[in-house]
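This report concerns only the one structure given below.
Chain naming here is simple, since letters A, B, ... match the order of the sequence lines and numbering starts at 1 in each. Heavy atoms only: backbone and side chains are in, while hydrogens, waters and symmetry mates are out.
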Amino acid sequence: MSLTAADTVIVLDFETTGLSPAQGERAIEIGAVKLEGGIITERFQQLMNRGCRVSGFIENYTGISNAMLTSAPPCETVMAEFAQFIEGYNLVAHNASFDQKFLEAELARLGYCQTYPFACSMLTARRLYQQAPNHKLGTLVRYKQLPTDGTFHRALADAEMTAHLWLAMLDDLQREHAVVAPDFQLMQRLGKTAKGAVAGLLARHR
DNA sequence: TGCCAGGCCCTCTTTAGGGCCTT
């Protein structure tokens with residue numbers, strides 16, 4: 001697989017108190033990796049103390065306890081640092097609409113009012129792996145036999161698995177679909193292309 | 001009292017409804 005500096009992406013994942021920032025839910029952990037030339041070259045992981053307790057459901061789901069959050073730095077500090085980490089890069093997440101809305105909501109609290117270029121590994125996987133049992137991250141990791149240490153629902157672990165999924169999809173596009181140099185823009189378009197039009201889109205990139 | 005996310009996709013659709021996926 002041949003990748004260039006232009007293919008560098010940040011793959012990220014949020015753990016949160018719930019499903020919607022519009023309902024007052026907040027981020028409690030951010031994890032991300034930088035993918036350069038097909039290799040993870042940097043990692044970012046940080047818990048965030050938002051100043052109040054998380055539910056028992058979230059403690060059980062993520063393994064992030066209130067005790068762990070008590071000693072974590074404030075959201076504002078972490079997000080300001082993370083904004084520097086992602087500045088200027090294309091972003092990838094699994095079910096990206098979820099992470100995008102939390103990213104933009106948390107950064108908006110700091111006065112960063114901008115949108116970020118996202119591609120969604122879930123939408124792309126739905127196009128490429130239509131035979132998969134489903135398109136949850138954990139299922140796709142098993143389906144593609146991707147590297148994992150068995151940790152799920154922690155931000156850095158999920159970001160790393162999503163990064164491996166992203167690389168697997170790039171590789172499959174080249175090997176199985178003869179796509180020449182698949183890039184971020186193609187992956188974005190692939191996820192938004194109607195099911196029946198995928199073959200035509202890929203044919204134009206051979 | 002009952003409901004309470006939302007964006008995307010698919011189909012028995014498009015003047016709609018339901019499932020998937022994220023925490």
Side-chain angles (χ1 to χ4, degrees), chain A residues 9-33 45-66 68-69 72 75 78-79 82 86 91-109 115-144 146 148 151-166 168-169 186-201:
Chain A
V9 297
I10 302 286
V11 185
L12 63 92
D13 183 72
F14 277 102
E15 302 306 318
T16 71
T17 61
L19 293 173
S20 174
Q23 300 295 312
E25 309 294 0
R26 297 291 305 275
I28 56 174
E29 187 182 42
I30 177 67
V33 298
Q45 180 180 32
Q46 191 59 258
L47 291 167
M48 293 179 253
N49 184 358
R50 68 190 186 104
C52 54
R53 298 178 63 79
V54 298
S55 69
F57 171 80
I58 293 299
E59 283 190 312
N60 289 330
Y61 187 80
T62 64
I64 299 171
S65 67
N66 282 293
M68 293 163 68
L69 293 172
C75 284
V78 175
M79 290 309 299
F82 189 63
I86 64 176
L91 307 179
V92 174
H94 200 69
N95 197 12
S97 64
F98 174 87
D99 294 280
Q100 182 170 20
K101 65 189 179 184
F102 273 99
L103 175 69
E104 292 176 359
E106 292 295 346
L107 290 180
R109 291 171 173 270
T115 57
Y116 292 83
F118 264 92
C120 178
S121 58
M122 182 191 75
L123 294 179
T124 309
R126 277 181 177 171
R127 291 292 170 267
L128 288 184
Y129 305 135
Q130 295 180 23
Q131 307 308 316
N134 60 56
H135 299 88
K136 295 177 182 177
L137 180 58
T139 301
L140 290 167
V141 166
R142 288 185 289 274
Y143 180 72
K144 294 299 295 179
L146 301 174
T148 172
T151 303
F152 292 90
H153 306 307
R154 285 300 300 269
L156 182 59
D158 283 4
E160 291 206 26
M161 288 187 288
T162 302
H164 288 300
L165 172 62
W166 183 257
M169 291 192 293
L186 173 63
M187 299 293 269
Q188 263 188 325
R189 284 204 301 278
L190 193 51
K192 296 175 182 174
T193 298
K195 206 172 179 179
V198 168
L201 174 67

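With no hydrogens or angles considered, a side-chain donor-acceptor pair links A:Ser121 and A:His94 at under 3.5 Å. Checking A:Thr62 against A:Glu15 by side-chain atom types alone, no donor-acceptor pair falls below 3.5 Å. A:Gln45 and A:Glu29 share a donor-acceptor pair across their side chains, judged by distance under 3.5 Å alone.
As judged by a 4.0 angstrom heavy-atom cut-off over every strand, A:Asn60 is placed among residues making no nucleic acid contact. Using a 4.0 Å heavy-atom criterion, one finds that A:Thr62 contacts the sugar-phosphate atoms exclusively. Residue A:Asp99 is out of contact with every strand shown, counting any heavy-atom pair closer than 4.0 Å. Residue contacts shown for A:Phe102 are absent, as no nucleic acid heavy atom lies under 4.0 Å away. Using a 4.0 Å heavy-atom distance criterion, A:Arg127 is classed as a sugar-phosphate-only contact.
Between A:Phe98 and A:Phe102, the two ring planes are tilted [angle within 30° to 60°].
Judged as a salt bridge (Lys or Arg N to Asp or Glu O under 4.0 Å), the pairs with a partner in residues 130-144 of chain A (not counting sequence neighbours) are, in order, A:Lys144-A:Asp172.
In this view, A:Arg127 satisfies the salt bridge (Lys or Arg N to Asp or Glu O under 4.0 Å) rule with no residue, not counting sequence neighbours. Residues that satisfy the salt bridge (Lys or Arg N to Asp or Glu O under 4.0 Å) test with A:Arg126, not counting sequence neighbours, are absent from this structure. Applying the salt bridge (Lys or Arg N to Asp or Glu O under 4.0 Å) test to A:Glu160 and every residue at least two apart in sequence or in another chain returns A:Arg43.
Along DNA chain B, the stretch of nucleotides lying under 4.0 Å from any heavy atom of chain A spans, 5' to 3', B:dA5 to B:dT23.
Sorted by residue number, the list of members of residues 25-32 of chain A with any non-hydrogen atom under 4.0 Å from DNA chain B is empty.
Comparing A:Leu123 and A:Leu137 by the nucleotide of DNA chain B that holds the closest heavy atom to each, the one mapping nearer the 5' end is A:Leu123. Mapping A:Phe98 and A:Gly191 onto DNA chain B by nearest heavy atom places A:Gly191 at the nucleotide closer to the 5' end.
Going from the P atom of B:dC4 to that of B:dC12 covers 26 Å, rounded to whole Å. Taking the C1' atoms as reference points, B:dC9 lies 14 Å from B:dT14, given to the whole Å. Using atom C1' as the reference point in both B:dG19 and B:dT1, the two lie 27 Å apart (nearest Å). Rounded to a whole angstrom, the distance from the P atom of B:dG2 to that of B:dG6 is 23 Å. The C1' atoms of B:dT13 and B:dG18 are separated by 12 Å, rounded to the nearest whole Å. On the C1' atoms, B:dC10 is 26 Å away from B:dC3, given to the nearest whole Å.
No donor-acceptor pair closer than 3.5 Å links the side chain of A:Asp99 to the backbone N or O of A:Ala93.
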